Amino acid sequence: MRLILAVSAVAALGLVACEMPVPPAETGAPVGGDAPASADSDPAPATTMLGDVDLGGDISVLGTEPFWAVGFEGEVMSYSGLDRPEQTAPRPEPVVAGTTATWTTTTEAGNPLVVILTEAVCSDGMSDRTYPLTAEVVISGEALNGCAGSTAWMNSTDENGNPVSG
């Protein structure tokens, strides 16, 4: 057992030693010290996309039977449904794994709200519109299935998926 641990430790040290530092001239950093701090040097936050949907932008999620919706607008998520009270919740950053994004939060009424969006073509079953994302929403233990897309896209297409003129 000690031999295995010793061999593992030597192998790990060997791998660390293989990582050669890149000279400053090859990285674009100035030679002789750190680059001066600049407000322009901070990179812009990366946009996280799922399909063609910006996960940081406004997103509309909807389902039928029963009719329900979750709107992502700014820092807020709003759940509403037929004969159900509207509930709002803070919008956390999504956890993205492959082609799935998950938001987990709690509404102001204290109800757990989980929204899972997956990059897969979706039909709402009532229109001819094809959505870029499938959706699963779990609120207070009830699982609802539906579709999702960017709010801008939904507002610019009709129920057949054709661009709205005007």
Side-chain angles (χ1 to χ4, degrees), residues 12 15-16 18-19 22 26-29 35 38-166:
L15 289 174
V16 170
C18 289
E19 294 182 24
V22 179
E26 292 178 25
T27 64
S38 165
D40 296 335
S41 66
D42 291 335
T47 300
T48 304
M49 303 292 287
L50 190 61
D52 290 332
V53 179
D54 175 1
L55 298 180
D58 293 348
I59 302 171
S60 293
V61 184
L62 55 91
T64 59
E65 300 181 25
F67 289 101
W68 59 269
V70 176
F72 289 69
E73 188 173 327
E75 300 297 316
V76 177
M77 298 168 61
S78 298
Y79 164 81
S80 60
L82 190 61
D83 298 328
R84 299 164 190 228
E86 181 173 333
Q87 299 182 55
T88 60
R91 179 183 184 173
E93 290 295 317
V95 174
V96 180
T99 59
T100 301
T102 304
W103 290 262
T104 303
T105 189
T106 302
T107 70
E108 82 286 350
N111 297 314
L113 173 62
V114 178
V115 178
I116 304 166
L117 301 182
T118 303
E119 184 179 346
V121 174
C122 183
S123 171
D124 62 19
M126 297 196 68
S127 70
D128 292 329
R129 180 183 281 167
T130 302
Y131 299 82
L133 304 175
T134 61
E136 180 181 353
V137 172
V138 180
I139 183 158
S140 302
E142 180 183 14
L144 304 165
N145 294 304
C147 303
S150 74
T151 302
W153 172 77
M154 286 194 189
N155 291 338
S156 67
T157 59
D158 64 19
E159 68 179 24
N160 297 316
N162 298 317
V164 176
S165 59

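Nothing here was measured: the structure is a model prediction, and the numbers come from that model.
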Check: S127 side chain, R129 main-chain N or O, donor-acceptor pair, under 3.5 Å
yes

Using a 6.0 Å cut-off, check whether atom CG of D52 has over 12 heavy atoms from anything other than its own residue.
no

Working to the nearest 0.5 angstrom, can you tell me the gap between L113 CG and M77 CE?
4.5 Å

Would the distance check show the side chain of T134 and the main-chain N or O of C122 forming a donor-acceptor pair, the cut-off being under 3.5 Å?
no

E108 atom CD, over 12 foreign heavy atoms within 6.0 Å
yes

What's the separation between atom OG1 in T99 and atom CG in L117, rounded to the nearest 0.5 Å?
11.0 Å

In terms of heavy-atom contacts, A89 and T106 come closest through CB-O, 3.4 Å

First locate atom OG of S150, then atom CG of N155, and finally report the distance between them rounded to the nearest 0.5 Å.
8.5 Å

N160 side chain vs N162 backbone, donor-acceptor pair below 3.5 Å:
no

At their closest point, which heavy atom of V164 faces which heavy atom of T157, and how far apart are they?
CG2-C, 3.4 Å

What are the two closest heavy atoms between D54 and M49, and how far apart are they?
CA-SD, 3.5 Å

Could you please spell out the steps behind the side-chain contact (heavy atoms from CB on, under 4.5 Å) verdict for W68 and V137?
CA-CA 10 Å; W68 59 269; V137 172; 3.5 Å; yes

T100: what forms a side-chain hydrogen bond (donor to acceptor under 3.5 Å, both in side chains) with it, not counting sequence neighbours?
none

Within this structure, what is the CD-OG distance for the pair Q87 and S140, rounded to the nearest 0.5 Å?
6.0 Å

So which heavy atom on M154 is nearest to which on A148, and how close?
CE-C, 3.9 Å

Under 3.5 Å: donor-acceptor pair, side chain of E119, backbone of L50:
no

More than 12 heavy atoms of other residues, nucleotides or ligands under 6.0 Å from CD of E142: is that the case?
yes

Using the rule given for side-chain contact (heavy atoms from CB on, under 4.5 Å), can you reason through T107 versus I139, listing the C-alpha separation, both sets of side-chain angles and the distance that settles it, and then say yes or no?
CA-CA 9 Å; T107 70; I139 183 158; 4.3 Å; yes

Restricting to non-hydrogen atoms, name the atom on T104 and the atom on P92 that form the minimum distance, rounded to 0.1 Å.
O-CG, 3.5 Å

For R91 and V76 the tightest heavy-atom approach is CB-N, 3.8 Å

Output the distance between atom OG1 (T64) and atom CG (L144), rounded to the nearest 0.5 Å.
10.5 Å

For side-chain contact (heavy atoms from CB on, under 4.5 Å), just list the numbers for E73 and T151, CA-CA rounded to whole Å, side-chain angles, deciding distance to a tenth of an Å, and then say yes or no.
CA-CA 9 Å; E73 188 173 327; T151 302; over 6 Å; no

Ring pair (Phe, Tyr, Trp, His ring centres under 6.0 Å) contacts touching residues 85-141 (sequence neighbours left out)
F72-W103, Y131-W153

The single option from V61, V70, T88 that satisfies side-chain contact (heavy atoms from CB on, under 4.5 Å) with Y79 is V70

Could you walk me through whether M126 and L62 satisfy the side-chain contact (heavy atoms from CB on, under 4.5 Å) test, starting with their C-alpha distance in whole Å, then the side-chain angles of each, then the deciding distance to 0.1 Å, before giving a yes or no?
CA-CA 12 Å; M126 297 196 68; L62 55 91; over 6 Å; no

